[in-house]
Amino acid sequence: MLSFTLSQIAQLLGGIIEGGSPQASVHALCKIEEGHEGGLSFLANPKYTPYIYQTKASAVIVSQDFKPEHPLQTALIRVPDPYEAFARLLAFYNEYTLPKPGISPLASIAPDAKIGKDVYIGPYAVIAEGVQIGDGCRIYPHCYIGNLSSLKENCVIYPGVIIYAHTRIGKNCILQAGAVIGADGFGFAPNNGSYEKIPQIGNVVLEDNVEIGANTCIDKATMGSTVIQEGTKLDNLIQIGHNVVVGKNTVMAAQVGIAGSTKIGENCMFGGQVGIAGHSTIAKGVKLAAQSGAPGSIRKENAVLLGSPPIDPGTFSRASVHFKNFDNIVKRLAEVEKELARLKEEKDKA
């Protein structure tokens with residue numbers, strides 16, 4: 001169990017202790033509404049202020065200008081920005097608990113694999129022939145890294161990740177548990193009523209500072225490379241098809257599906273369950289709301305769209321109102337048509 005004194009934490013954050021002993025210790029980080037003895041929390045959002053008067057946390061990080069309106073049962077650590085300070089503390093805590101460098105005797109590593117300095121490789125990880133692992137990488141148990149793949153410095157590969165042969169991964173990439181990088185693209189040719197598999201001989205390239213969510217799949221290219229460019233962040237359960245290129249600093253929420261050979265511009269944002277048809281081009285800065293479906297290219301940069309096919313939010317909202325009334329509109333239209341038919345019949349008789 002980790003344990004730090006309030007003095008150590010205040011020194012780390014550049015804060016000032018108030019209402020508690022500098023030698024008092026904390027051993028866990030907690031939410032303010034779930035505070036407990038030995039816990040350290042923070043207060044940044046004003047709507048959580050009532051909790052500070054009842055929390056059992058041993059200490060709470062607050063802003064320098066926080067003024068209590070009632071007696072407190074917890075110590076305070078005053079900092080300029082409590083949210084930023086707590087985020088920094090989380091990063092420090094995470095770093096402190098990471099596995100130490102070293103290679104498990106239960107790992108399987110090819111004789112010609114090149115392993116950098118300060119690397120951690122966990123039990124039952126498999127490092128195939130010709131693989132290159134950069135300095136400071138962490139490869140957790142039960143990972144597979146295929147032939148001639150390469151990881152640059154400070155990558156984190158969580159348990160159960162599968163990286164197929166010839167994959168290239170840049171610096172500071174994070175692959176969450178169960179991600180599959182470089183499986184065959186979905187390529188089949190019709191052949192006399194059946195389907196013949198098209199060989200997929202390309203690879204996947206992840207540039208620097210990319211994060212891939214748990215159980216996300218990125219297919220290798222038929223030829224060439226499927227590319228996830230620098231700074232892109234993909235959530236869990238995303239499917240990226242073969243030969244797709246995703247531009248820099250693009251973010252996608254869970255269950256997005258990008259069909260093959262699509263080009264996504266930089267700084268795009270896709271909500272959950274967005275779908276993009278194959279061979280499309282999406283301009284840079286495009287924002288697609290959850291469950292939007294693009295059957296073709298979107299050429300307008302920085303467009304904000306939703307729906308399937310995606311349209312601007314104002315039009316979508318107005319159309320939604322009409323859609324809710326669509327059944328009544330159809331009934332009224334049927335009545336109008338019936339009345340017109342009656343009037344026509346009377347005219348014909350006259």
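Under the 3.5 Å distance criterion, the side-chain polar atoms of Tyr140 are left unmatched by any main-chain donor or acceptor of Ala177. Using modelled atom types, one side-chain atom of Thr216 and one backbone atom of Leu237 make a donor-acceptor pair closer than 3.5 Å. In this structure, the side chain of Glu34 does not engage the main chain of Lys31 through any donor-acceptor pair within 3.5 Å. Using modelled atom types, one side-chain atom of Ser292 and one backbone atom of Gly307 make a donor-acceptor pair closer than 3.5 Å. Judged by distance alone, with hydrogens and angles left aside, the side-chain atoms of Ser41 form a donor-acceptor pair with the main-chain N or O of Ile32 at under 3.5 Å. Checking side-chain atoms of Lys100 against main-chain N and O of Tyr120 turns up no donor-acceptor pair under 3.5 Å. The main-chain N or O of Ala277 is found under 3.5 Å from a side-chain atom of Thr262 such that the two form a donor-acceptor pair. One N or O on the side chain of Asn236 and one on the backbone of Ala214 form a donor-acceptor pair closer than 3.5 Å. Under a 3.5 Å cut-off, the side chain of Ser104 and the backbone N or O of Leu106 do form a donor-acceptor pair. Checking side-chain atoms of Ser225 against main-chain N and O of Val204 turns up no donor-acceptor pair under 3.5 Å.
Applying the ring-ring contact (aromatic ring centres under 6.0 Å, His included) test to His322 and every residue at least two apart in sequence or in another chain returns nothing. Every residue two or more places apart in sequence or in another chain that forms a side-chain hydrogen bond (donor to acceptor under 3.5 Å, both in side chains) with Glu84 is listed here: Arg88. Legend: residues meeting salt bridge (charged side-chain N to carboxylate O under 4.0 Å, His left out) with Asp312, ordered by chain and number and at least two apart, are absent. Annotation: side-chain hydrogen bond (donor to acceptor under 3.5 Å, both in side chains) contacts of Gln291 (sequence neighbours excluded): Gln273. Residues satisfying the side-chain hydrogen bond (donor to acceptor under 3.5 Å, both in side chains) test with Asp65, not counting sequence neighbours, are Ser63. Taking the side-chain hydrogen bond (donor to acceptor under 3.5 Å, both in side chains) definition, one finds that Glu339 meets it with Arg342, sequence neighbours left out.
Under the 4.5 Å side-chain contact rule for hydrophobic residues, Leu12 and Ile61 share a cluster. Note on Ile103: it clusters hydrophobically with Ile127, by side-chain heavy-atom contacts below 4.5 Å among ILVMFWY residues. In the hydrophobic clustering of ILVMFWY residues, with side-chain heavy atoms under 4.5 Å counting as a link, Ile238 and Val205 come out apart.
From Leu151, atom CG reaches atom CG of Leu175 across 8.0 Å, with rounding to the nearest 0.5 Å. Here the straight-line distance linking atom CZ of Phe4 with atom CG of Leu89 works out to 8.5 Å at 0.5 Å rounding. To the nearest 0.5 Å, atoms CZ (Arg299) and OG1 (Thr281) are separated by 4.5 Å. Note that CG of Asp208 is 11.5 Å distant from CD1 of Ile169, once rounded to the nearest 0.5 Å. To the nearest 0.5 angstrom, Glu211 atom CD is 9.0 Å from Asp235 atom CG. Taking CD1 of Ile109 as the reference point, atom CD1 of Ile139 lies at 8.0 Å (rounded to 0.5 Å).
Listed by first and then second residue, the salt bridge (charged side-chain N to carboxylate O under 4.0 Å, His left out) pairs involving residues 73-82 are Glu18-Arg78 (not counting sequence neighbours). Pairs engaging residues 113-140 under the salt bridge (charged side-chain N to carboxylate O under 4.0 Å, His left out) rule: none recorded [sequence neighbours left out]. Within the structure, salt bridge (charged side-chain N to carboxylate O under 4.0 Å, His left out) pairs that include any residue of residues 191-206 comprise Asp184-Lys197 (at least two apart or interchain). Listed by first and then second residue, the salt bridge (charged side-chain N to carboxylate O under 4.0 Å, His left out) pairs that reach into residues 36-61 come to none, sequence neighbours excluded. Residue pairs meeting the ring pair (Phe, Tyr, Trp, His ring centres under 6.0 Å) criterion with at least one member in residues 181-213, sequence neighbours excluded: Phe186-Phe188.
Under the side chain to side chain contact (heavy atoms under 4.5 Å, CB included) test applied with Glu230, the options Leu206, Asn209, Asn172 reduce to a single match, Asn209.
Shown here is Ile16, whose CD1 atom has no more than 12 heavy atoms of other residues, nucleotides or ligands within 6.0 Å. Other residues, nucleotides and ligands contribute more than 12 heavy atoms inside 6.0 Å of the NZ atom of Lys287. Crowding of Tyr124 atom OH: a count of heavy atoms from other residues, nucleotides or ligands under 6.0 Å not exceeding 12. Counting non-hydrogen atoms of other residues, nucleotides and ligands closer than 6.0 Å to CZ of Phe323 gives a total of 12 or fewer. Within a 6.0 Å radius of CD in Glu346, more than 12 heavy atoms belonging to other residues, nucleotides or ligands are found.
A pairwise comparison of heavy atoms in Asn147 and Ala128 identifies OD1-CB, 3.0 Å as the closest pair. Nearest heavy-atom pair, Thr226 versus Lys220, reported as atom, atom and distance to 0.1 Å: OG1-C, 3.5 Å. Taking all atoms of both residues into account, the shortest heavy-atom contact from Ser25 to Ser3 is CB-OG, 3.6 Å. Closest heavy-atom contact between Ser58 and Gly38: OG-N, 2.7 Å.
Residues Asn203 and Thr167 have side chains that never bring a donor and an acceptor to within less than 3.5 angstrom of each other.
Using cut-offs of 30° and 60° on the angle between ring planes, the pair His70 and Tyr53 is perpendicular.
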What pairs of donor and acceptor atoms, side-chain ones from residues 245-254 against any protein atom, are under 3.5 angstrom apart with sequence neighbours left out?
unit_1, atom_1, unit_2, atom_2, d
Thr250, OG1, Gly247, O, 3.4
Thr250, OG1, Gly265, O, 2.9
Thr250, OG1, Asn267, N, 3.4
Thr250, OG1, Cys268, N, 3.1

